[in-house]
Amino acid sequence: MLIAPSLLNANFANLQTDIEMINQSVADWIHIDVMDGVFVPNISFGQPVVSHIKKHAKKPLDVHVMIVDPDRYIHSFKEVGADILTVHAEACTHLHRTLTHIKQSGMKAGVALNPHTPVSVLENVLENCDLVMIMSVNPGFGGQKFIENTYRKIEDLVVLKNKFNPNLLIEVDGGVNLENARKLSDSGANVLVAGYSIFADKNPASVIEKMKQVS
Ligand code: DX5
Ligand code: ZN
């Protein structure tokens, strides 16, 4: 199981400290949430902040863009150091083209699905994805309640994964904590994103370590 702490819940006035904590921890990736205030009802930060994060990060940057028309920014996210770029299926009119561009740019290509979007929409592009992110909350904010239907959705995706792309990574994002990590792992998840459950704890590195152990 790979663990990707989400910086959305970090201290934005002192990101370097939180990045160093992740560097020293057993976390695998650093999850970065980019929001445009249009696709989701919140604005976070963009490429200039990602480029500063990259200067300090010793782990791959897992960039989750919650923005409309992400094709416009594929190149610029590569330039600022994204290693994995995940776009929303709901935001892409030509998803196959978008995934192809992300890969051609030298990044791993991910697709995220909102809670209402069935995994079946990805059947014809699964071979073009390195990763599928199942959103277990409606995107836009950290610290929301986990949606229980997620387990069933992961199991549905595992069926497609076995058929079309056995190497596919299944990432879960939203409301992940030490209570649900094991069941998510048992359902077939390979990557867990966690923000609130890590950064609200007085010892974030130990939560990361426990999450790695239980999952
Ligand atoms: C939500 C973001 C998540 C968020 C997860 O839109 O995509 O990555 O930071 O945070 P928690 O773990 O607090 O739900
Ligand atoms: Zn995210």
Side-chain angles (χ1 to χ4, degrees), residues 1-12 15 18-19 21-22 25 27-46 49-50 53 57 59-68 70 73 77 82-91 107-117 130-151 153-154 169-185 189-202 204-205 207-208 210-212 214-215:
M1 180 63 78
L2 304 178
I3 308 294
S6 165
L7 285 181
L8 193 62
N9 291 270
N11 178 1
F12 281 12
L15 274 177
D18 287 330
I19 295 165
M21 180 280 292
I22 297 172
S25 77
D28 299 277
W29 297 347
I30 300 181
H31 186 80
I32 295 176
D33 292 297
V34 175
M35 304 179 181
D36 67 355
V38 179
F39 182 72
V40 288
N42 194 11
I43 300 173
S44 56
F45 49 76
V49 174
V50 178
I53 294 171
K59 315 229 172 181
L61 299 191
D62 175 33
V63 178
H64 173 197
V65 289
M66 286 156 272
I67 62 177
V68 296
Y73 302 107
F77 277 106
D83 297 283
I84 304 139
L85 189 67
T86 296
V87 296
H88 268 263
E90 302 85 0
M107 296 177 284
K108 297 233 178 288
V111 186
L113 297 178
N114 280 337
H116 73 279
T117 307
D130 295 296
L131 174 155
V132 171
M133 178 191 292
I134 305 280
M135 289 305 301
S136 37
V137 297
N138 288 292
F141 303 94
Q144 300 184 83
K145 190 175 177 299
F146 179 84
I147 296 171
E148 294 291 323
N149 182 55
T150 303
Y151 303 113
K153 210 162 156 184
I154 296 169
L169 290 173
I170 300 178
E171 183 169 25
V172 181
D173 185 7
V176 174
N177 54 41
L178 289 175
E179 282 71 53
N180 55 26
R182 166 65 63 81
K183 196 169 168 189
L184 289 167
S185 162
N190 312 111
V191 189
L192 297 180
V193 175
Y196 180 80
S197 65
I198 290 174
F199 285 99
D201 196 275
K202 60 181 186 313
V207 177
I208 297 170
K210 284 182 199 149
M211 197 169 278
K212 189 117 183 143
V214 297
S215 54

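Just so you know, these numbers use all the heavy atoms, side chains as well, and skip hydrogens, waters and symmetry mates. Both counts, for ligands and for their atoms, begin at 1 and track the order of listing.
- At the shortest separation from atom 12 (O) of ligand 1 among protein heavy atoms lies G195 N, 2.8 Å.
- Restricting D173 to its N/O/S atoms, the shortest distance to the Zn ion (ligand 2) is reached by OD2.
- The closest protein non-hydrogen atom to atom 13 (O) of ligand 1 is G143 N, 2.7 Å.
- Close approach of ligand 1 to D33 (heavy-atom distance below 4.0 Å) involves ligand atoms 2 (C), 3 (C), 4 (C), 7 (O), 8 (O), 9 (O).
- Counting protein heavy atoms only, atom 14 (O) of ligand 1 is closest to G175 N, 2.8 Å.
- With ligand atoms numbered from 1 in the order given, ligand 1 contributes 9 (O) to contacts under 4.0 Å with heavy atoms of L8.
- At a cut-off of 3.5 Å, with distance as the only test, a side-chain donor of D33 or H31 sits close to an acceptor on the other residue.
- When atom types are taken as modelled, the side chain of N190 and the backbone of I170 share a donor-acceptor pair closer than 3.5 angstrom.
- Annotation: side chain of F39 is not in contact with side chain of V87 (no heavy-atom distance under 4.5 Å).
- Side-chain atoms of S44 and L8, non-hydrogen and from C-beta on, do get closer than 4.5 Å to each other.
- Ligand 1 is approached by F141 to a heavy-atom distance shorter than 4.0 Å.
- Each of the atoms 8 (O) of ligand 1 lies under 4.0 Å from some heavy atom of H31.
- A donor-acceptor pair under 3.5 Å is absent between the side-chain atoms of K153 and the main chain of I134, judged by distance alone.
- A donor-acceptor pair is defined here as one N or O able to donate and one able to accept, closer than 3.5 Å; no such pair exists between the side chain of S136 and the backbone of F146.
- Taking every non-hydrogen atom of H64 and a distance limit under 4.0 Å, the qualifying atoms of ligand 1 come out as 7 (O).
- Under 4.0 angstrom from ligand 1, the non-hydrogen atoms of N9 all belong to its side chain.
- Ligand-side atoms of ligand 1 in range of A194: 12 (O), range being under 4.0 angstrom from any heavy atom.
- Regarding atom 9 (O) of ligand 1, its nearest protein heavy-atom neighbour is S6 OG, 2.8 Å.
- The shortest side-chain heavy-atom distance between P5 and M21 does not fall under the 4.5 Å cut-off.
- Counting the atoms of ligand 1 from 1 in the order shown, those under 4.0 Å from a heavy atom of M135 are 7 (O).
- Close approach of ligand 1 to G174 is summarised as follows: ligand atoms under 4.0 Å from at least one heavy atom of the residue are 14 (O).
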Criterion ring pair (Phe, Tyr, Trp, His ring centres under 6.0 Å) on Y196 and F141, from CA distance to verdict = CA-CA 10 Å; Y196 180 80; F141 303 94; over 10 Å; no

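- At the top of the distance list for atom 6 (O) of ligand 1, counting protein heavy atoms only, stands G140 N, 2.8 Å.
- The closest protein non-hydrogen atom to atom 3 (C) of ligand 1 is D173 OD1, 2.9 Å.
- Side-chain N or O atoms of N180 include one that pairs as donor or acceptor with a backbone N or O of G175 at under 3.5 Å.
- Side chains of V65 and Y73 form no contact here, defined as non-hydrogen atoms less than 4.5 Å apart.
- Note on D33: its N/O/S atom closest to the Zn ion (ligand 2) is OD1.
- Crowding of K108 atom NZ: a count of heavy atoms from other residues, nucleotides or ligands under 6.0 Å not exceeding 12.
- Between S197 and ligand 1 there is no heavy-atom distance shorter than 4.0 Å.
- At a heavy-atom distance under 4.0 Å, atoms from both the backbone and the side chain of P139 approach ligand 1.
- Put simply, the side chain of V193 does not reach to within 4.5 Å of the side chain of V176, judged on heavy atoms.
- Every atom of ligand 1 with a heavy atom of G142 under 4.0 Å away is listed here by number and element: 10 (O), 13 (O).
- Take the N/O/S atoms of H64: the one nearest the Zn ion (ligand 2) is ND1.
- Here the side chains of K145 and V137 are not in contact, with every heavy-atom distance at 4.5 Å or above.
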